[in-house]
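Notes follow the structure.
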Amino acid sequence: MKPLRTVLLLSFLLLMSGLRAQEKNDTPFALTTNFLSWATLAPNLGAEVYMGKKWSVAADGSLGMWGFSHTRMATQTWSVGGEARYWLQTGNYGFRRTHIGVSIRGGEFDSNFFTDGGRRGKALLAGVTAGYRFILRGNWLVDAGLGVGYIHTRYDRYFWNKRFGKYEFQSSRTRNLFGLTDLHVSLVYRISLKNR
């Protein structure tokens, strides 16, 4: 699907442009992981690069492949996304407190947690974000935020046919709606290249 490739490319370009700016300005970058993604058994890892005095770009990905049986209670998901952030406060410690931004995310899912069968499809999300960063000890921080915007999904519904022992296609559906596009509580570790 071309839009998913576009999301992957945009996330990569955002991060690479941030790394180039980071090399020039010798500003720090950070490694991140979203606790909420881990809570859904989809491990998550990301990076954030700080550019100039007020901007940063972040990109992350998650992958979840788990299940309880062949026919019921299983899910497979992956997603990647990127975000450009504008920081309202900066100081001696650098980028802190409140940030606003724009984000884009894409991924695929296959889940049969529903009593009427499963759903397999793709999703694209784009929206505006807001967040707040809490400073812990040393280079450790916690970043919490949410985003709202446009959600596009296309998925096929299927069910498990017990008689023939196989999955069968039921119907296709496309949805476009306004809703929650981002929700994160992330652990952040900042790394500075200065004096190295």
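Nothing fancy with the numbering, it's 1 onward along the sequence.
Under a 3.5 Å cut-off, the side chain of Thr77 and the backbone N or O of Phe109 do not form any donor-acceptor pair.
Residues Tyr86 and Trp55 place their aromatic rings such that the two centres sit under 6.0 Å apart.
Taken from CG in Leu88 to OH in Tyr132, the straight-line distance is 11.0 Å, to the nearest 0.5 Å. Distance check, rounded to the nearest 0.5 Å: CD of Glu108 to OG of Ser79 gives 11.0 Å. The distance from atom CD1 of Ile104 to atom CG of Leu124, rounded to the nearest 0.5 Å, is 7.0 Å. Taking CG of Asp110 as the start and CG of Asp156 as the end, the distance is 10.0 Å to the nearest 0.5 Å. Summarising the geometry, atom CG belonging to Asn139 is positioned 4.5 Å from atom OH belonging to Tyr189; distances are rounded to the nearest 0.5 Å. To the nearest 0.5 angstrom, Asp60 atom CG is 9.0 Å from Glu83 atom CD.
No donor-acceptor contact under 3.5 angstrom links the side chains of Thr32 and Glu48, judged on distance only.
Tracing side-chain contacts under 4.5 Å through hydrophobic residues (I, L, V, M, F, W, Y), one reaches Leu187 starting from Leu146; they form part of the same cluster. Under the 4.5 Å side-chain heavy-atom criterion for grouping Ile, Leu, Val, Met, Phe, Trp and Tyr, Leu45 is not connected to Leu41 through any hydrophobic cluster. Cluster annotation: Leu36 and Trp38 are assigned to distinct hydrophobic clusters (Ile/Leu/Val/Met/Phe/Trp/Tyr, side-chain heavy-atom contacts under 4.5 Å, transitive). Note on Val49 and Trp140: same hydrophobic cluster, where clusters join Ile, Leu, Val, Met, Phe, Trp and Tyr whose side-chain heavy atoms are under 4.5 Å apart, directly or indirectly. Cluster membership for Leu183 and Phe35, using ILVMFWY side-chain heavy atoms within less than 4.5 angstrom, is shared.
Nearest approach of Ser37 to Ser62, heavy atoms of both residues: OG-CB, 3.5 Å. Closest non-hydrogen pair, Thr129 versus Ser103, comes out as CG2-OG, 3.5 Å. The two atoms that bring Leu180 and Ile151 nearest to each other are O-CD1, 3.5 Å, heavy atoms only. Of all the heavy atoms in Ala30 and Val188, the pair that sits closest is CB-CG1, 3.6 Å.
Here the side chains of Tyr158 and Phe169 are not in contact, with every heavy-atom distance at 4.5 Å or above. Contact of the Arg97 side chain with the Arg133 side chain is not registered, since no non-hydrogen atoms from C-beta on lie closer than 4.5 Å. Within the 4.5 Å cutoff, no side-chain heavy atoms of Val185 are placed close to those of Phe134. In this structure the side chain of Thr181 never reaches within 4.5 angstrom of the side chain of Arg105, judged on heavy atoms. Taking 4.5 Å as the limit, every side-chain heavy atom of Val128 sits out of range of all side-chain heavy atoms of Ile100. Under the 4.5 Å side-chain criterion, counting only non-hydrogen atoms from C-beta, Arg154 is not in contact with Lys122. Counting heavy atoms from C-beta on, the side chains of Asp182 and His184 come closer than 4.5 Å.
Taking the six-membered ring for Trp and thresholds of 30 and 60 degrees, Trp87 and Tyr50 have ring planes inclined between 30 and 60 degrees apart.
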Run the numbers on Asp143 and His99 for side-chain hydrogen bond (donor to acceptor under 3.5 Å, both in side chains), then give the verdict. CA-CA 10 Å; Asp143 189 273; His99 57 83; 3.0 Å; yes
